[in-house]
Each structure stands twice: as structure tokens, then as C-alpha cells.
Amino acid sequence: MRPGKEKEDCIVQDLYGEQLEEWFQYMGKELGIPFDKNQVKDHRYINSVFFSHGFIGITTNESPDPGNVKLIERFAKVFQQTYTRFLDLPKSRSAGKEDR
């Protein structure tokens with residue numbers, strides 16, 4: 001988080017036109033994820049929900065339903081807790097070995 005900026009939990013980007021074409025190029029060439037452009041409408045919505053170690057992104061052809069965004073936000077919170085625990089496991093294992 002940058003000083004003076006409010007933290008956003010979620011952003012929705014509406015890509016169309018040249019931005020959508022650039023996104024197709026990026027997904028295909030940089031990430032190796034092919035897209036059949038015939039399956040995508042004129043817009044692509046990218047829903048990004050942030051948590052302490054990154055974000056979860058979902059793309060759709062339709063503008064996101066607020067209920068679905070809330071569900072993704074809840075999932076991100078649970079994922080954050082799980083990931084934090086995963087990161088803590090090596091520390092707890094090391095501490096257990098030192099106690100022996």
C-alpha cells in the first residue's frame with residue numbers, strides 16, 4: 001500500500017477495444033494462455049481481489065454481479081489465512097526440532 005492511498009480490497013477492470021487486444025497478446029505470448037477470441041465478447045472484465053500476499057483474479061465476459069464479488073472477497077480472506085499458515089509451517093517445524 002502506498003502512503004496516502006486507501007487500500008482497495010477489489011478492483012474491476014473493463015477491457016475493450018485496443019486494451020482488450022493487448023490483453024489477448026499478453027495472455028497468449030507472455031503467459032502462454034491461449035484464448036479463442038470467438039468465445040469472448042466485446043468486453044472482458046477482470047475482477048482482482050487483493051490479500052496480503054497477492055491477489056486472486058477472475059476474468060469474465062459479463063460485468064460482475066456484486067454477490068459474486070463478495071463471494072470472491074470471502075474466498076480471498078480464507079485463502080490468505082490458509083497461505084499464512086502454510087508459510088508458518090516451516091517456522092513451527094524448526095522450532096519443534098530446537099525443543100528436542
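When a residue number appears, it is its place in the shown sequence, counting from 1.
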Determine whether [X] and [Y] make a side-chain contact, defined as any pair of heavy atoms from C-beta on separated by less than 4.5 Å.
{"X": "Asp36", "Y": "Val40", "value": "no"}
{"X": "Trp23", "Y": "Ile46", "value": "yes"}
{"X": "Phe35", "Y": "Ile33", "value": "yes"}
{"X": "Tyr26", "Y": "Leu31", "value": "yes"}
{"X": "Gln81", "Y": "Arg85", "value": "no"}
{"X": "Phe55", "Y": "Val49", "value": "no"}

Mind checking what makes side chain to side chain contact (heavy atoms under 4.5 Å, CB included) contact with [X], not counting sequence neighbours?
{"X": "Gln80", "answer": "Phe51, Ser52, Thr84"}
{"X": "Tyr16", "answer": "Asp14, His43"}
{"X": "Lys70", "answer": "Glu73"}

>> Starting from Met27, can I reach Leu20 by hopping between I/L/V/M/F/W/Y residues whose side chains sit under 4.5 Å apart?
In response: yes
> Applying the 4.5 Å side-chain criterion to the ILVMFWY set and letting contacts propagate, would Ile56 and Tyr83 be lumped into a single cluster?
Replying inline: yes
>> I need the Leu15 CG to Asp42 CG distance, nearest 0.5 Å.
In response: 12.5 Å
>> Would you compute the distance between atom CZ of Phe79 and atom CD1 of Ile72 and round it to the nearest 0.5 angstrom?
In response: 14.0 Å
> Are the side chain of Asn61 and the backbone N or O of Gln39 linked by a donor-acceptor pair below 3.5 Å?
Replying inline: yes
> Do other residues, nucleotides or ligands put more than 12 heavy atoms under 6.0 Å from Glu18 CD?
Replying inline: no
>> side chain to side chain contact (heavy atoms under 4.5 Å, CB included), that's the test. Do Arg44 and Glu62 meet it? Break it down for me.
In response: CA-CA 7 Å; Arg44 192 73 180 171; Glu62 308 288 326; over 6 Å; no
> If you take all heavy atoms of Tyr45 and Ser63, which pair is closest and at what distance?
Replying inline: CE1-N, 3.3 Å
> Does the pair Lys37 and Phe24 meet the rule for a side chain to side chain contact (heavy atoms under 4.5 Å, CB included), with working shown?
Replying inline: CA-CA 8 Å; Lys37 292 181 185 180; Phe24 281 129; 3.8 Å; yes
